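It should be emphasised that the depicted structure is a prediction, and the values quoted were computed from it without experimental measurement.
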Amino acid sequence: MKNTSNSQSPSLDSSPAKPQQKYLKFLEFIEELEVKAKRRGLIFERAAMPGAKRDLLDLLRRNNEILADLKESSLEEYMKKAGCKFPAGNVKDPIKKKLLTVIYEN
């Protein structure tokens, strides 16, 4: 039997992004960082990213509407899937800590 109710599904704009959509946006962002770093003659390796996880989370939330509500636990999952890691010493090194933001915003 057909469902004839008048309920409409919400538009994409009003519904929360699905985890797969968020992961794809995360990958696009990482790829954009790679391109921007290369243009500046900088080395950007996913396995040894500049900055810290908190810096990346802030950048993602500020610069991508779909990722504005990204949780740290989801970020950790996405990073693992994409092969992204931050060396432990980055947080203590002021240059490495700011490099992620510099690459993206300049």
Side-chain angles (χ1 to χ4, degrees):
M1 190 168 219
K2 274 176 109 177
N3 181 357
T4 57
S5 70
N6 287 337
S7 66
Q8 296 178 3
S9 60
S11 71
L12 287 177
D13 293 335
S14 64
S15 64
K18 294 181 176 153
Q20 183 63 21
Q21 289 173 312
K22 286 186 175 189
Y23 177 66
L24 292 175
K25 285 295 179 185
F26 169 80
L27 281 179
E28 285 177 19
F29 191 88
I30 295 299
E31 290 167 0
E32 185 177 354
L33 283 172
E34 290 169 327
V35 168
K36 287 182 174 193
K38 187 175 182 176
R39 279 189 204 139
R40 290 169 179 78
L42 301 171
I43 296 172
F44 184 93
E45 296 178 16
R46 290 184 187 194
M49 293 178 55
K53 188 179 359 173
R54 184 80 214 160
D55 303 323
L56 179 60
L57 186 59
D58 289 343
L59 276 175
L60 290 166
R61 287 177 174 168
R62 280 195 329 255
N63 295 290
N64 193 301
E65 189 175 311
I66 290 177
L67 300 173
D69 64 346
L70 185 65
K71 294 178 180 157
E72 192 167 338
S73 60
S74 296
L75 175 62
E76 290 173 4
E77 179 185 328
Y78 298 166
M79 286 176 57
K80 187 174 181 179
K81 284 172 71 173
C84 297
K85 294 180 183 178
F86 291 100
N90 282 3
V91 176
K92 296 177 184 174
D93 184 332
I95 293 173
K96 288 182 180 176
K97 184 160 176 38
K98 293 183 183 215
L99 191 55
L100 189 62
T101 304
V102 169
I103 290 170
Y104 186 77
E105 294 179 351
N106 293 318

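Contact between Ile103 and Pro50 at its shortest, heavy atoms only, is CD1-CG, 4.2 Å. Here the shortest heavy-atom pairing between Leu70 and Leu57 reads O-CD1, 3.7 Å. Considering all non-hydrogen atoms of both residues, Ile66 and Asp69 come closest at O-OD1, 3.7 Å.
Applying the ring-ring contact (aromatic ring centres under 6.0 Å, His included) definition to pairs two or more places apart or across chains, those involving residues 61-84 are Tyr23-Tyr78, Phe26-Tyr78. Applying the ring-ring contact (aromatic ring centres under 6.0 Å, His included) test to pairs two or more places apart or on separate chains, those with a residue in residues 29-63 are Phe29-Tyr104.
Scanning for side-chain contact (heavy atoms from CB on, under 4.5 Å) contacts around Glu28 gives Lys25, with sequence neighbours left out. The salt bridge (charged side-chain N to carboxylate O under 4.0 Å, His left out) test applied to Glu77 returns no partner, not counting sequence neighbours. Residues that satisfy the side chain to side chain donor-acceptor pair (under 3.5 Å) test with Glu34, not counting sequence neighbours, are Arg46. Applying the side chain to side chain donor-acceptor pair (under 3.5 Å) test to Arg61 and every residue at least two apart in sequence or in another chain returns nothing. Looking at residues two or more places apart in sequence or on another chain, you find a salt bridge (charged side-chain N to carboxylate O under 4.0 Å, His left out) between Glu32 and Lys36. Under the side chain to side chain donor-acceptor pair (under 3.5 Å) criterion, Asn63 pairs with no residue at all, not counting sequence neighbours.
Connection of Ile30 to Leu42 is established within a shared hydrophobic cluster, with ILVMFWY side chains joined at heavy-atom distances below 4.5 Å, either directly or through further cluster members.
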N/O donor-acceptor pairs under 3.5 Å from side chains in residues 80-87, not counting sequence neighbours:
none

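Screening Leu56, Asp55, Leu99 for a side chain to side chain contact (heavy atoms under 4.5 Å, CB included) involving Met49 leaves a single residue, Leu56.
Atom CG in Leu75 sits 9.5 Å away from atom CG in Leu67 (nearest 0.5 Å).
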